[in-house]
Amino acid sequence: MTERRHELLILGIGNLLLGDEGVGVHAVQQLERMELPPEIACMDGGTGGFHLLEAMQQAERLVIIDAAAADDAPGSIARLRPRYASDYPPTLTAHDIGLKDLLSAFHLLGDNPDVRLIAITIDPHQDLGMELSPVIQQAAEQAVAMVLEEVDEFCGKQFA
Amino acid sequence: MSRIVVDPVTRVEGHLRVEAVVEGGRIVDAFSSGMMVRGLEKILIGRDPRDAWAIVGRVCGVCTSCHSLTSVRAVEDALGIVIPRTAELIRNLMECTIQIHDHVVHFYHLHALDWVDVVSVLKADPARTAAIAQSISTYPKSSAAYFSEVQQRIKKFVDSGQLGIFANGYWGHPQFKLPPEVNLLGVAHYLEALEWQKEIVKVHTIFGGKNPHPNYLVGGVPCSINVDEVNAINTERLNYVGSLISQAEEFINQVYIPDVLAIAGFYKDWASIGGGLPNYLSYGDMPTRGYAHPEYFKFPRGVVLNRDLSTVHPVNAKDKQEIKEYIAHSWYNYQEGNDAGMHPFDGETSLHYTGPKPPFETLAESEKYSFIKTPRWQDQPMEVGPLARLVVGYAAGNTDIREVVNDALGRLNVPKEALFSTLGRTAARALDAKLAVHYMREFFGQLLDQVKANETSTFNPEKWNPSTWPAEAEGVGLTEAPRGALAHYIKIKDGRIANYQLVVPTTWNGSPRDGRGQHSAFEASLIGSPVANLEQPLEIIRTLHSFDPCLACSVHLYDPKGRHLGQFHEE
């Protein structure tokens, strides 16, 4: 079993080459540039995959930021507390082999940290590009603010 | 006549769609279609060639660093940069890491459940599983109590109603042939592999600074070695890498290889199914005296035609007559017309979708039906991947490759022809991992020798500055990625990228037929295969998964919404 650390891991998921699909990674890169408390860790998870399993298991709490292909308007943000792999919204298939399998394995192994998911709805038809659209750029700012609330709650004090 | 649609093919989400036409219980024709658009090249044009590795590494979360490695090789080839020996060894160690990580994860987590029936695990006698485990391996976790605990874990998981990772299987299909005890062994090692893979990727973090997207550098590697320095690759970290290699040797030799051989023993009929194309291409890899000297690569470069193991044909990826990409059945336009073949140096990415409006029932195969272009070597279709690597190496007389291949054939008591099959492909991947971990140990020993000799330079700065570059240059980076032959072609003009084309393994294997009607590897491997139950086309899944298909890099943009595994309808 992996040893658990007193740590909140902020994990940004997404494909940086697919425009808004990369919003999770853009958000975590922004958080990486802030001076967060020592018990907070940031990780650019790219498009997911088994590589991330250990970091996810080691944390006491996990905040995942990801794009979702949900039915609501692009830029909408859902905050969820998934307990099983099937509780996650349809994420974009550009993640391919990575995320679904990773989450299934993560939940199969059990004894997991508490997971908070910040899912940002995007238009699933994305052109190739490394920039966010204005709507999603704004959603990324909101997502960062939500993560900072999670940071405060985890540390038991006001940080931001 | 029935038509089976499998979309997506990958166990997890994917973008590969295959349609198979079945007559009298056998596949008579097959269509492999990549349903995403390719066009990464467009992002790269105009950028600094020294940054390309970071961008191409983002193509896929699975084989990130293969693309980064191939990219720095392409730039170095264009500019004539030779990297220091220590950097070459570190790159090799990182590449071996991807190779074995990818193969183990593919086998246990994406392919084993095509052969191992999870549901039957609950019926197994753990004591008998223990006896089987101890008879095939010296791996220490082999007691009845251990297997009993695994069985309880699976029971608890199934009882919770959360099938999770096991949700997609055709459990109970009569094609599952393993006794419950061997199924339990397989599932136990599925869990062990999950734990082991967490360790081996740390090699990337140590040498590449981070994972899953480790850092690369044109001219070398971006890490410094200093045995006494806290922030460098020091004695402690080198020792740690040594221990990770030991764990990998144990896992590959005591778990992966014995499991594959044990499972293969129950499925020998699959040694004559799924062979497909008779041609195999390997670019060769694991340089020992520099990337410019393939004659000293651990894995030889070449082509084998018509399964003739007495001849290896030389490959020159820069020769514009050797490798061409066709679009006869792909949704693109070429300026020179639909029948033209373009060498990747002159590659064009001009989309022209003429397929049905999604969602649709079936593709119109007489026309264009894929976003993947069709690459050919000397106008011949080629299979690429671990099997091709071993076939080319075997034909080249490579003693390491011959030894592991002959040993496995002997243990299974099957002839060499068994290699050319679905089973052979899956076994070849395991043997490829065995070779990779063996070489990893060797490269690590050589790295320690370099450190002892104080040869710790990891970067050649001579041509770092663009003012030292010619006005125009072109180069190719070739890699044997886990899934096979990977090429990046770059053209540099006035210090910027003028063209960049990727020809990835799944382009070779998963492309549509060419204008002459020659099938590529996926389609060829399915034709002739039996399909016992049209509603549960397990045979198709087994053969396609034996290639380890990954479409993230062969095509890049998702278009129609994915449907679930095993869609089916009759015509």
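Just so it is clear, the values below take in all heavy atoms, side chains as well, and ignore hydrogens, waters and symmetry mates. Below, chains carry the letters A, B, ... as their sequence lines are ordered, and counting in each starts from 1.
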Those residues of residues 22-33 of chain A, ordered by number, that approach chain B below 4.5 Å (heavy atom to heavy atom): A:V25, A:Q29

Part of B:I55 within contact of chain A (heavy atom distance under 4.5 Å): both

Which portion of B:K202 sits near chain A, non-hydrogen atoms under 4.5 angstrom: side chain

So which atom in [X] and which in [Y] form the shortest heavy-atom distance, rounded to 0.1 Å?
{"X": "B:H109", "Y": "A:F50", "result": "CB-CE1, 3.7 Å"}
{"X": "B:R58", "Y": "A:N15", "result": "O-OD1, 3.3 Å"}
{"X": "B:P212", "Y": "A:G45", "result": "CG-O, 3.7 Å"}

B:H106: partners by ring pair (Phe, Tyr, Trp, His ring centres under 6.0 Å), with sequence neighbours left out: B:H111

Exam field: side chain A:E54 to backbone B:E199, donor-acceptor pair closer than 3.5 Å: no

Reported CG-to-CZ distance for the pair A:L109 and B:R153, which is rounded to 0.5 angstrom: 6.0 Å

Euclidean distance, A:L17 CG relative to B:I43 CD1, rounded to 0.5 Å: 4.5 Å

B:K210 atom NZ, over 12 foreign heavy atoms within 6.0 Å: yes

Minimum side-chain heavy-atom gap A:L108-B:L191 below 4.5 Å: yes

Note, A:L53 side chain near B:E195 side chain (heavy atom, < 4.5 Å): no

Parallel, tilted or perpendicular: rings of B:H101 and A:H51 (30°, 60°): tilted

